[in-house]
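Chain letters run A, B, ... following the sequence lines, proteins first, then strands; residues in each count from 1. What you see is a predicted model, and the numbers here were worked out from it, not measured in a lab.
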There are 2 protein chains.
Amino acid sequence: MKHYRALEFARRAGVTVRTLHHYDRVGLLRPAGRSGTGYRLYTDRDLLRLEQILVLKLIGLGLKDIRALLERDGRTELPDVLARQQRVLAIKREHLDRTLRAIGMARSALSGAGQPDWESFTTLIKEIAMQNTTSWQEQYFSEEAQARIDSRAHLWSPELQQRVGAEWSALYRDVEAALSEDPAGEKARALAVRWNALVSEFTGGDPGIQEGLNRMYADAPNWPAGRQAWAPRPEVQDFIRKALAAAAIRPGGG
Amino acid sequence: MKHYRALEFARRAGVTVRTLHHYDRVGLLRPAGRSGTGYRLYTDRDLLRLEQILVLKLIGLGLKDIRALLERDGRTELPDVLARQQRVLAIKREHLDRTLRAIGMARSALSGAGQPDWESFTTLIKEIAMQNTTSWQEQYFSEEAQARIDSRAHLWSPELQQRVGAEWSALYRDVEAALSEDPAGEKARALAVRWNALVSEFTGGDPGIQEGLNRMYADAPNWPAGRQAWAPRPEVQDFIRKALAAAAIRPGGG
DNA sequence: TCTCCGCTCTGACGCAGGGTCAGAGTCAAG
DNA sequence: CTTGACTCTGACCCTGCGTCAGAGCGGAGA
């Protein structure tokens with residue numbers, strides 16, 4: 001049986017020598033033997049065991065649990081262990097998802113409002129990250145529409161989210177600046193077209209989603225505190241509704 | 001200005017007194033003052049700051065970074081910070097997703113194969129969790145089909161995944177046991193119906209996805225090593241194809 | 001006034017999973 | 001024999017607190 005010394009063995013397994021020391025110390029992986037001068041000597045069987053360890057670590061188990069599992073050669077327990085880890089990780093992912101959505105919304109809100117103020121930022125993040133993110137808006141959408149929104153969710157990469165958020169901010173600013181213009185004029189028409197394009201980015205052209213959006217934005221004054229940063233000013237909403245009507249485009253929320 | 005002592009202040013913010021001590025020590029949140037006898041005295045301004053701290057911690061920043069950010073009153077840096085955190089968290093979520101998928105597949109594989117052996121388990125998890133999970137199967141599906149698969153991905157909760165995996169295992173066993181029967185017989189028809197139901201669970205009835213599945217399972221011998229545990233035995237595939245044909249159901253992969 | 005309970009302080013150790021020295025010994029090639 | 005690449009052990013460091021331990025305060029009841 002060929003023996004490997006620490007560095008070679010570590011490189012084979014893709015870990016550091018320090019890791020081997022650590023695993024030895026905690027009794028997770030003791031080398032097959034020692035040389036006369038105290039050098040650790042590993043074999044291929046050790047490599048197999050180390051690979052098992054690393055895989056179990058990969059799926060999020062702690063070293064202690066791994067040790068216990070391997071010591072009992074826990075092949076029969078493996079299914080249960082996997083089930084538990086799956087639940088644990090699923091919960092983690094939900095947290096992560098919420099946090100990511102919160103950051104996305106915060107970025108959009110920030111990119112619009114020149115100097116960000118901490119207060120609205122904290123309330124926004126807290127509201128979104130702590131609790132149910134999407135549930136409050138479910139009241140506005142039919143079940144099928146909500147399902148179609150969910151199925152489009154994976155399309156919203158952080159980059160796209162950011163780009164669209166920035167475009168919304170720019171559009172809001174431009175509309176603000178055009179409030180004194182004629183809602184049926186040429187400038188207003190251009191704004192309405194941009195508006196409609198951005199709305200379509202979210203609806204994907206789905207009329208059910210569009211309808212829900214309309215309901216939702218009509219109810220903007222009643223949104224939870226954390227979302228008020230997203231509510232467009234009534235003047236803006238009025239203007240764009242008129243502009244959309246004049247341009248013969250069905251109105252979209254915003 | 002009203003003053004709070006440690007416990008009351010901590011309760012207001014939803015943290016422990018120890019946390020306050022810690023934040024004081026690392027210079028993240030020093031109380032507005034001290035009583036004559038050394039008691040920490042916090043004010044409402046401290047509460048605001050603590051809320052900012054907690055929100056920044058929520059999105060994954062370290063205490064050191066938070067301190068630096070708040071010390072410079074980094075309102076202007078906030079957008080950059082958020083962008084960075086978003087990327088960091090997005091990467092984390094990808095890891096998590098891969099790991100969850102890997103666990104799901106491992107559970108299914110395990111629930112079929114009586115005594116699990118470590119070797120196929122480790123190769124499976126490594127293959128899936130370390131690298132591109134879905135890319136190898138993209139070759140079998142058209143772009144639209146792949147897009148529809150992605151859009152159905154959110155439907156696959158861990159629970160559903162597990163249930164369907166278990167049903168597949170049971171079905172495989174039953175088919176194995178029925179290999180000597182007539183593929184056109186009544187028993188075979190029942191199996192074909194079950195098979196088709198499970199396939200539909202994945203395809204959602206989409207013929208494009210179905211077509212890709214057929215291509216994919218026809219190529220099973222060429223799947224990467226980590227997926228071989230998923231390949232049905234040729235006899236099983238043969239039997240079920242005949243049974244599906246006899247039952248006048250279009251064949252589904254598996 | 002004494003006592004008692006509940007609060008507060010500081011200091012110190014522990015946790016997971018190693019990273020990163022420091023100081024000393026070993027191995028093999030030139 | 002030297003030199004450079006490894007190896008060993010022991011020890012401290014990191015994060016973000018939890019968890020004592022020992023000692024001091026503050027206010028209410030007896």
Asker: Expressed as a whole number of angstroms, how long is the span from B/Arg25:CZ to D/dG18:P?
Answerer: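 To the nearest whole Å, that distance equals 15 Å.
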Asker: For B/Leu54 and D/dG16, give me the distance from atom CG to atom P, rounded to whole Å.
Answerer: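 Spelled out: CG on B/Leu54 to P on D/dG16 is 13 Å.
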Asker: Provide the full list of ring pair (Phe, Tyr, Trp, His ring centres under 6.0 Å) pairs with a residue in residues 54-81 of chain A, sequence neighbours left out, each pair given once.
Answerer: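 Sorted pair list comes back empty.
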Asker: Give me each pair satisfying salt bridge (Lys or Arg N to Asp or Glu O under 4.0 Å) with a member in residues 36-50 of chain A, each pair once, sequence neighbours excluded.
Answerer: A/Asp24-A/Arg40
Asker: For A/Leu47 and A/Ala13, work out which heavy atoms get closest and say how close.
Answerer: CD1-CB, 4.0 Å
Asker: Test of understanding: with salt bridge (Lys or Arg N to Asp or Glu O under 4.0 Å), list the residues that count as partners of B/Arg72, not counting sequence neighbours.
Answerer: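 Scan of B/Arg72 (salt bridge (Lys or Arg N to Asp or Glu O under 4.0 Å), adjacent residues dropped) gives B/Glu77.
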Asker: Identify, with sequence neighbours excluded, every residue that meets side chain to side chain contact (heavy atoms under 4.5 Å, CB included) alongside B/Leu41.
Answerer: B/His3, B/Arg5, B/Ser35
Asker: For A/Arg5 and D/dC8, what is the distance between atoms CZ and C1' respectively, to the nearest whole Å?
Answerer: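 It is 12 Å, rounded to the nearest whole Å.
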Asker: Can you tell me how far C1' of D/dT15 sits from CG of B/Asp65, to the nearest Å?
Answerer: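 One finds 12 Å between C1' of D/dT15 and CG of B/Asp65, rounded.
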Asker: Scan residues 53-71 of chain B for pairs that pass side chain to side chain donor-acceptor pair (under 3.5 Å), counting only residues two or more places apart or in two chains.
Answerer: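 Applying side chain to side chain donor-acceptor pair (under 3.5 Å) to every pair that reaches into residues 53-71 of chain B, excluding sequence neighbours, yields B/Arg67-B/Glu71.
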Asker: Could you list by number each residue of residues 14-21 of chain B showing a heavy-atom separation from DNA chain C of less than 4.0 Å, or answer none if no residue does?
Answerer: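 Of all residues in residues 14-21 of chain B, the ones placing a heavy atom under 4.0 Å from DNA chain C are B/Arg18, B/His21.
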Asker: Looking only at heavy atoms, what is the nearest atom pair of B/Ile59 and B/Leu89, with distance?
Answerer: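 Scanning both residues, the minimum pair turns out to be O-CD1, 3.7 Å.
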Asker: Which residue pairs satisfy the ring pair (Phe, Tyr, Trp, His ring centres under 6.0 Å) criterion with at least one member in residues 29-70 of chain A, sequence neighbours excluded?
Answerer: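 Only A/Phe9-A/Tyr42 qualify under ring pair (Phe, Tyr, Trp, His ring centres under 6.0 Å).
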Asker: Round to the nearest Å and state the distance from B/His3 atom NE2 to D/dG26 atom C1'.
Answerer: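 For the pair B/His3 NE2 and D/dG26 C1', the rounded distance is 17 Å.
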Asker: Along DNA chain C, 5' to 3', what are the outermost nucleotides having an atom less than 4.0 Å from a heavy atom of chain A?
Answerer: C/dA16 to C/dC27
Asker: Nearest-Å distance, CD1 (B/Ile53) to C1' (D/dT15)?
Answerer: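 Whole-Å distance recorded here is 16 Å.
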Asker: Just to be sure I understand the geometry, which residues of residues 29-48 of chain B put a non-hydrogen atom under 4.0 Å away from DNA chain D?
Answerer: B/Thr37, B/Tyr39
Asker: Please check the phosphate of D/dG16 (OP1 and OP2 only) for any side-chain N or O of B/Lys64 closer than 4.0 Å.
Answerer: no
Asker: Write out all pairs satisfying ring pair (Phe, Tyr, Trp, His ring centres under 6.0 Å) with one or both partners inside residues 44-77 of chain A, taking only residues at least two apart or from two chains.
Answerer: none
Asker: Which whole-number value in Å describes the distance from B/Leu28 CG to D/dC17 C1'?
Answerer: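 For the pair B/Leu28 CG and D/dC17 C1', the rounded distance is 13 Å.
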Asker: Using the side-chain hydrogen bond (donor to acceptor under 3.5 Å, both in side chains) criterion, which residues pair with A/Thr19? Sequence neighbours excluded.
Answerer: A/Thr16
Asker: Restricting to pairs with a member in residues 47-72 of chain A, which pass ring pair (Phe, Tyr, Trp, His ring centres under 6.0 Å), not counting sequence neighbours?
Answerer: none
